[in-house]
Amino acid sequence: MAKTFALIVTYGNHKVQLTEVLNKTLNNSKIDHVFIVDNGSTYDLGREIPEIFSNKVFLIALKENTGSAGGFGRGIREVVKYSKNNEDRLLILDDDSYAEFDALDKIDYLENIFNHQHEHIWSLNRLQIDELPEPDNKSFDYSVKYYYNSFYRFSITNIFGKNRYQIKRNYKCIKNMAFAPYSGLLIGLSVINTVGFPNEEMYLYSDDIEYTFRIAESGIDILQTFDANIRDIAGSWYNSKESNVHDAFFEGTEENYRALYAYRNEAYLAKYIMQKNRFLSNLNYYAWIINILRHMPKNKKGIKQFSKIIKVVHMGRKKHLGQFKKIGR
C-alpha cells in the first residue's frame, strides 16, 4: 500500500515553530512518516523537542547549513532511498508551515472525481494563519512557454502577446502552475525518479522555482486548488501584498543576503533554464535593469545597493553558484 511521507527542513533557532509544525504533522492521519532535516540548527533538536523520538520521525542532521537547495535536496534523496514503492508520495513543508488536517483528503477527493488525464503533482495553497481561502475564478492559466526568455518572470513580449500562452482550465477550481514553492508540494516518488533532485549548487532562493519549472517543462502538470491549504506561521522577509521585492531590498537597513541570492539565482535561471532566444532574453534582462534603476533610491546608499545587485546578477549569468564568500561593493 502506498504511503505518504512528510519532509520538514529546519535551521537556526526555530524551535517554537518547528514544534508546532511537527505536532500537527504527526497528528495528521494521512501522513505515515516524517523526515526532518536539521540544516544547521543552533540548538539540540533531540534534546529540546521530545516528538523527535516518535517512531514516525526520521532525523537527518547535517553538519552545517547547506541552504534550502541542500536541505531539501538531501531530504528528498533520503525519502527516495527509504521508500520501496514508486507509488508513495512526499509532502514537503517549511518548518514554519503546516498542512491543514483535511488538505490531503481534499486532494484525494479531487483525484477521485476529476480523473486528471496527465501525470501531475500538487501544490497546496499557502495562506497566513487567519487568511480565508478564496477561489481566483480564472478560466485559464499560463504555460511554461509564457516564461521563456523572461528575467525574474518579466518579459516585454508578454505585454503584447501573452494570450497565446494561455491554457484553458478544465475545472475553474483547479489551477495549472508553471512552478511552485517547495512548501506545500505534494509529489509522487515516480515523478522524483523521473526528473531527479534539486540543483543544490543554487544554495538559497529560487531553487524551488528551478526544480518545479523543470518538472512542468517535462510535461508533468503542477496543480493547485484554493481550499487544500498549508498555513504559514512566520511569513516571508517581505510582504508581497504590501511591498515590491526591489523596494524591500533597497529600503532594508541590514545586508539582505536572501535577496542577493534570489537576484543571482534568477539570473542563472534566465540564462540557463528559461532562455530559448538569446536576443529576447537579453532584451528582457536590460529592461529589467532599467526597472531596478527606477526603484533605486537616487542617493549614495541606493547606488551601493544597485552595484551589489549587478555584481550578483553577473555571477548568476556566469554560472557562479554556491554559497557567497563575500559580496563587497
Side-chain angles (χ1 to χ4, degrees), residues 1-11 18 21-22 24-39 52 54-62 66-108 110-111 116 118-126 177 179-200 207-216 218 220-225 228-232:
M1 183 176 179
K3 294 182 178 180
T4 299
F5 305 112
L7 169 63
I8 304 171
V9 177
T10 189
Y11 69 100
L18 174 62
V21 170
L22 180 56
K24 289 184 182 296
T25 306
L26 286 172
N27 288 328
N28 191 322
S29 61
K30 282 282 186 177
I31 295 173
D32 296 279
H33 294 289
V34 182
F35 289 75
I36 298 179
V37 176
D38 179 357
N39 198 17
I52 292 290
S54 165
N55 57 11
K56 291 177 64 175
V57 175
F58 298 91
L59 178 62
I60 305 157
L62 305 184
T66 59
S68 60
F72 286 109
R74 174 64 182 276
I76 293 171
R77 289 177 188 275
E78 292 295 330
V79 172
V80 169
K81 190 186 301 182
Y82 176 84
S83 173
K84 299 294 188 293
N85 188 344
N86 217 30
E87 298 300 315
D88 289 342
R89 59 185 182 175
L90 172 64
L91 173 64
I92 302 176
L93 297 169
D94 286 333
D95 64 4
D96 62 353
S97 58
Y98 61 85
E100 293 184 342
F101 287 121
D102 61 353
L104 298 185
D105 288 316
K106 290 177 178 177
I107 295 297
D108 291 340
L110 290 175
E111 291 276 13
H116 193 75
H118 298 104
E119 189 172 12
H120 59 278
I121 64 174
W122 291 88
S123 175
L124 301 188
N125 186 35
R126 192 167 187 167
M177 307 166 71
F179 47 82
Y182 283 134
S183 192
L185 207 62
L186 183 64
I187 181 170
L189 273 289
S190 61
V191 172
I192 298 172
N193 287 323
T194 298
V195 301
F197 303 96
N199 181 352
E200 296 185 24
D207 46 298
D208 50 357
I209 294 176
E210 187 278 333
Y211 188 52
T212 54
F213 190 84
R214 196 190 330 149
I215 291 172
S218 73
I220 298 169
D221 293 338
I222 305 174
L223 306 179
Q224 183 179 82
T225 184
N229 308 311
I230 57 171
R231 293 286 174 176
D232 212 354

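Just so you know, these numbers use all the heavy atoms, side chains as well, and skip hydrogens, waters and symmetry mates. One is the number of the first residue; the rest follow in order along the sequence.
- Listed by chain and number, the residues in a ring pair (Phe, Tyr, Trp, His ring centres under 6.0 Å) with Phe101 amount to none (sequence neighbours excluded).
- The closest side-chain donor-acceptor pair between Tyr182 and Asp207 falls under 3.5 angstrom.
- The main-chain N or O of Gly67 is found under 3.5 Å from a side-chain atom of Asn39 such that the two form a donor-acceptor pair.
- No side-chain heavy atom of Asn125 sits less than 4.5 Å from a side-chain heavy atom of Thr225.
- Expressed to the nearest 0.5 Å, how far CG of Leu22 lies from NZ of Lys56 amounts to 10.0 Å.
- Atom-to-atom distance recorded for Leu110:CG and Asp105:CG is 11.0 Å, nearest 0.5 angstrom.
- Here the CG atom belonging to Leu90 is positioned 14.0 Å from the NZ atom belonging to Lys3, to the nearest 0.5 angstrom.
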Let me check something: any side-chain donor-acceptor pairs from residues 4-11 under 3.5 Å, sequence neighbours excluded? List them with distances.
residue, atom, partner, partner atom, Å
Thr4, OG1, Arg89, NE, 2.8
Thr10, OG1, Asp95, OD2, 2.7

Would you be so kind as to tabulate the donor-acceptor pairs closer than 3.5 Å made by side chains of residues 185-198, with sequence neighbours excluded?
residue, atom, partner, partner atom, Å
Asn193, ND2, Asn86, OD1, 2.7
Asn193, ND2, Leu189, O, 3.1
Thr194, OG1, Ser190, O, 2.9

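- Contact of the Leu124 side chain with the Leu91 side chain is registered, since non-hydrogen atoms from C-beta on lie closer than 4.5 Å.
- Here the side chain of Ser83 pairs no donor or acceptor atom with the backbone of Val79 at under 3.5 angstrom.
- In this structure, Glu111 and Trp122 approach most closely via the heavy-atom pair OE2-NE1, 2.8 Å.
- Remark: Leu26 CG to Ile31 CD1 distance equals 8.5 Å, nearest 0.5 Å.
- In this structure the side chain of Lys30 reaches within 4.5 angstrom of the side chain of Asp108, judged on heavy atoms.
- The structure places CE of Met1 at 12.5 Å from CD of Glu87, a figure rounded to the nearest 0.5 Å.
- The closest donor-acceptor contact from the side chain of Ser183 to the backbone of Asp94 lies under 3.5 Å.
- Here the NE2 atom belonging to His118 is positioned 10.5 Å from the CG atom belonging to Leu223, to the nearest 0.5 angstrom.
- Surrounding CD of Glu119 are more than 12 heavy atoms belonging to other residues, nucleotides or ligands, all under 6.0 Å away.
- Using a 4.5 Å cut-off on side-chain heavy atoms (C-beta onward), Phe35 and Tyr82 make contact.
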